[in-house]
Every structure is written in C-alpha cells, then in structure tokens.
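Small disclaimer: the values here were computed from a predicted structure and weren't measured.
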Amino acid sequence: MDQMRPVVYCLLCLLFVLDHITILPIMAAIKVHGSPLSTNTLRVLATVYEKELDHEFVLIDMSAGEHKKEHFLSTHNPFGQVPAFEDGDLKLFESRAITNYIACEYADKGTQLIYQDSKKMAITSVWMEVESQQYEQIAAKLAWELVYKPLLLGMSADTAIVEENEHRLAKVLDIYESRLAQSKYLGGDCFTLADLHHLPTLHYLFGTQVKKLFDSRPHVSAWIADITARPAWLKALALQSQQ
Amino acid sequence: MAMKLYGLPMSTCTTRVMACLHEKGVDFELVPVNLGTGEHKQPPFLSKNPFGQIPVLEDGDLTLFESRAITAYVAEKCKETGTDLMRHTNPKEAAMVKVWMEVESQTFNPAISPIVLEYVIGPSMGKKTEQAVVDGCMGKLGQVLDVYESRLSTCKYLAGDFYSMADLHHLPFMHYFMTTPCASMVKDRPHVMAWWQDISSRPAFKKMVGAMTFG
C-alpha cells in the first residue's frame with residue numbers, strides 16, 4: 001500500500017492538470033485570405049468579427065501580385081481577386097457569397113446579420129442587391145479615382161468621371177434618404193448584411209470630397225454614424241494599421 | 001392570389017425572374033410596363049421601385065424589386081417544389097451556388113451587358129452601335145469566359161454537377177449575346193458552348209424565349 005501511494009498521488013496530479021488545461025486548436029478552421037486595404041476583404045472581416053468567430057487572417061501580398069499567381073488562382077480564386085475564404089475543406093470566393101455563407105452557417109453566433117422571417121429577409125435581400133447593383137458600382141468608381149489612383153499609381157483623378165459619378169451617387173443617396181426616413185436600417189429595424197456591405201467603400205469615400213453628399217442627407221448621415229461606430233467594423237479597420 | 005410580375009417579356013431582368021418562376025412552377029401574371037411613355041419613372045410605379053426599373057414582384061402585401069432579390073425570394077418561398085435551385089439542404093453546395101451567383105453579378109454581367117446594350121438593346125431604341133465600347137469589353141469578357149471554360153471542364157454546371165440559380169441568372173444576357181457578332185467567343189469555347197446549349201434547352205427557358213426579341 002505504501003508503494004501505491006506515490007503512484008496514486010501522481011495519477012491524481014495528472015488528472016487535476018488535465019482537468020484544468022485548455023487544449024488549443026493548432027489551426028483555425030476559418031481562414032480569410034486578403035488585404036486589410038481591400039474593400040472586399042474588409043467586408044468579410046467585418047462579418048467575421050460581428051459573428052465573433054475564431055479565425056486566421058492570411059495576408060496576401062497584392063503589391064507582389066500574389067493573388068495573380070498560379071497557386072492562388074488554382075487554390076483560392078480563379079479570377080485572381082481577394083478575399084478568399086476557407087472553412088475546413090470548404091473554399092469560397094466573392095465577398096458577398098462569403099458573408100452570406102457566414103451569416104447562414106453561423107446564424108446562432110454573434111450578431112444576427114440576416115432575418116429568419118421570410119418577408120423581412122426578402123426586403124433585406126432587396127437592399128443587399130441595391131448595394132451590389134446601384135450603389136457599389138458608382139462608389140467603387142469614385143473610390144478608384146479619388147483614393148486608389150492617387151495612392152497606388154500617383155495619378156490624379158479624372159474630374160469628368162468624378163463629376164458624373166457624384167451626380168449618379170446623389171440620386172441613389174436621395175433614395176437611401178427616403179428609405180432611412182422610414183426604417184432605421186436598410187432592411188428594417190435591425191442591422192444586417194444590407195448595411196454591413198456598404199462599410200468598406202463608405203469608409204474610403206468619407207476621406208474624400210464625396211463626404212458632402214452623405215453629410216447633406218440627415219438620415220443617411222445618422223445611419224453612417226451608427227454603422228461605422230460598430231466595434232466589429234473598428235476591429236476590421238484596425239488591421240490596416242497593423243500591416 | 002397569383003404573384004404579379006411587373007415587367008416586359010423581352011427584358012433581361014424580367015426574364016431572369018420569369019425563368020425562376022417557371023422552374024418553380026409558380027403561377028404569376030405578367031403586368032406590362034410601358035417604358036416608352038416613361039411609366040417606370042413616375043408614380044405609381046416609383047412607389048413599387050424607387051429606382052424606376054423593371055421588374056417588380058408583388059406577392060400579397062410584399063413588393064420586391066432587383067431581379068436577383070426576387071429570384072432569391074421565390075426560390076426560398078418555393079424551396080420544397082420545382083427545381084432545387086439553391087441546394088438548401090446541402091450547405092456546401094448552397095455556398096458554391098452563392099459564389100457563382102456573385103460571379104454572374106459582379107464579374108460576368110459588367111463584362112457582357114455593354115455588348116448586349118450596344119448590339120441589341122440600343123439599336124432597338126434607334127441608337128447606333130459604339131464599336132469602341134464593344135471592343136473595350138471583349139478583352140475582359142474573353143478572360144471571364146476562359147475561367148468559365150476551365151470551370152465547366154471540371155463540372156457540368158457552374159456550382160457543381162447540378163443546375164442551379166447560378167446558371168439560371170446567366171440566361172437572359174447569354175441569349176441576347178448569342179445573337180450578336182461576338183457569339184463566336186462562346187462557340188470557340190466548347191465547354192461553355194455545351195453548357196449554354198444545355199441550359200437554354202430547359203423547358204422553363206423555352207416557355208419564354210419566343211418573346212425574347214427586341215424586334
């Protein structure tokens with residue numbers, strides 16, 4: 001019995017230790033490949049943070065053309081664009097397909113980003129398409145002329161393109177103003193992907209002369225102040241200063 | 001009460017929705033909108049779609065616009081009937097459908113629609129074809145179709161070996177594109193051509209293609 005005592009003691013210590021240590025995953029199942037400067041990558045990062053999902057961010061060196069090289073094209077996105085996304089063995093691309101997948105697959109985690117009610121979801125889908133078809137195309141042209149062209153190519157904006165697209169954006173924002181006068185968020189009472197999808201280009205345009213178009217519309221302005229203050233969005237943006 | 005679809009039988013975005021309604025076997029009434037008189041840019045139409053565009057779907061007290069939001073609604077509402085367009089019981093397949101739906105929306109459509117506009121829609125409104133616009137798009141569309149050719153050599157349809165909403169959304173612009181001088185861009189890519197012949201032979205498409213002409 002005396003010889004058993006040290007063995008029992010060791011076993012008890014081992015059980016105590018095993019009961020109290022956390023086994024950490026060696027690799028996160030969720031990976032986001034992209035750049036924190038890319039609007040499309042930020043769209044996915046904001047979603048991942050809203051959902052409070054464990055993930056790994058894999059920086060793609062866009063200045064070295066990593067996203068256009070064979071490995072990226074064949075593994076992640078044949079169109080050579082960021083972001084790309086992995087969840088276990090599922091590989092996806094296209095930011096709005098990724099955010100949609102995350103919102104559905106992880107519906108029970110973090111912020112609700114879609115509605116379960118089919119009518120409310122239908123309205124939200126409409127405004128998700130508005131972002132995609134009416135807003136983004138104009139906003140992206142303005143962001144290219146006023147932000148990316150000067151920053152990446154050292155070229156100045158084409159004033160004719162800027163003027164034409166500011167005019168088009170103003171008309172779209174008039175409709176947003178009307179919508180947001182009746183509804184706190186674009187899809188309804190709650191923040192959803194319909195609002196989130198706007199964040200990245202809004203962020204860039206706010207640093208340009210286009211800001212006045214948003215500021216002069218009180219409901220649009222209030223909506224922007226609300227959604228850009230969300231902690232998940234600020235976390236995604238913070239990655240820009242870390243890289 | 002049957003759903004009401006406000007639009008026109010030759011309009012690309014209206015027929016995108018019609019293809020989905022036919023695949024699902026949904027009864028609907030097509031309510032014509034007179035674009036010539038600017039009906040779509042005035043009340044009461046603007047109260048249905050503030051962006052002044054067709055189509056609009058009314059289902060009871062629900063009014064929806066944006067063709068791809070309408071098809072998503074119809075597919076969800078009718079998910080247990082007709083063709084399984086969204087693969088909702090298989091999350092991985094459903095995710096791939098969404099990827100290729102976004103490819104159509106973000107990459108394919110911007111490359112192909114100016115060509116269809118210049119060769120088909122514009123001339124129907126008395127506009128001259130701007131060859132420079134066409135030439136500018138052909139390079140980009142060629143690159144997109146190269147990716148499609150590669151993709152369709154690995155599986156029969158875009159999202160996998162099953163017809164889905166991702167393929168359906170391509171129908172209207174592909175149909176008109178194949179009537180233009182640029183059709184050889186598809187004919188020269190055997191897998192894309194085979195895919196087009198397959199999806200354009202579906203009964204749901206054949207039901208409406210007869211009216212898909214701009215005169």
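In this structure, OH on B:Tyr73 lies 9.5 Å from CD1 on A:Ile123, to the nearest 0.5 angstrom. A distance of 7.0 Å separates CD of A:Glu136 from CD of B:Gln106, quoted to the nearest 0.5 Å. Expressed to the nearest 0.5 Å, how far NZ of B:Lys92 lies from CG of A:Leu92 amounts to 10.5 Å. From B:Glu76, atom CD reaches atom OG of A:Ser118 across 7.0 Å, with rounding to the nearest 0.5 Å.
With a 4.5 Å cut-off on non-hydrogen atoms, B:Thr63 touches chain A through its backbone but not through its side chain. Heavy-atom distances place the side chain of B:Leu62, and not its backbone, under 4.5 Å from chain A. In this structure, chain A has no heavy atom under 4.5 Å from any part of B:Asp146. Proximity to chain A (any heavy atom under 4.5 Å) is restricted, for B:Val147, to the side chain, taken from C-beta onward. In this structure, chain A has no heavy atom under 4.5 Å from any part of B:Gln143. Neither the backbone nor the side chain of A:Asp87 comes within less than 4.5 Å of any heavy atom in chain B.
Between chain A and the options B:Met101, B:Gln53, B:Lys77, the largest number of non-hydrogen pairs under 4.5 Å is found for B:Gln53. Ranked by heavy-atom pairs under 4.5 Å with chain B, the list A:Arg96, A:Lys171, A:Lys91, A:Gln137 is led by A:Arg96. When each of B:Ala95, B:Pro91, B:Pro110 is checked for heavy-atom pairs under 4.5 Å with chain A, B:Ala95 comes out on top. For the set A:Glu105, A:Lys119, A:Gln134, the entry with the most heavy-atom pairs within less than 4.5 Å of chain B is A:Gln134.
By the 6.0 Å contact criterion, NZ on B:Lys41 is enclosed, its count of non-hydrogen atoms from other residues, nucleotides or ligands being greater than 12. Within a 6.0 Å radius of NZ in A:Lys120, other residues, nucleotides and ligands contribute 12 heavy atoms or fewer. Under a cut-off of 6.0 angstrom, the local environment of CD in A:Glu163 is sparse, with at most 12 non-hydrogen atoms contributed by other residues, nucleotides or ligands. More than 12 heavy atoms of other shown residues, nucleotides or ligands fall within 6.0 angstrom of atom CG in B:Asn34. Remark: B:Asp135 CG is packed, more than 12 non-hydrogen atoms of other residues, nucleotides or ligands lying under 6.0 Å away. A:Lys68 NZ: more than 12 foreign heavy atoms inside a 6.0 Å radius.
B:Ser150 has its side chain out of reach of A:Pro78: every pair of non-hydrogen atoms, C-beta onward, lies at least 4.5 Å apart.
Shown here for B:Ala69 and A:Glu129, the closest heavy-atom pair between the two residues is N-CG, 3.7 Å.
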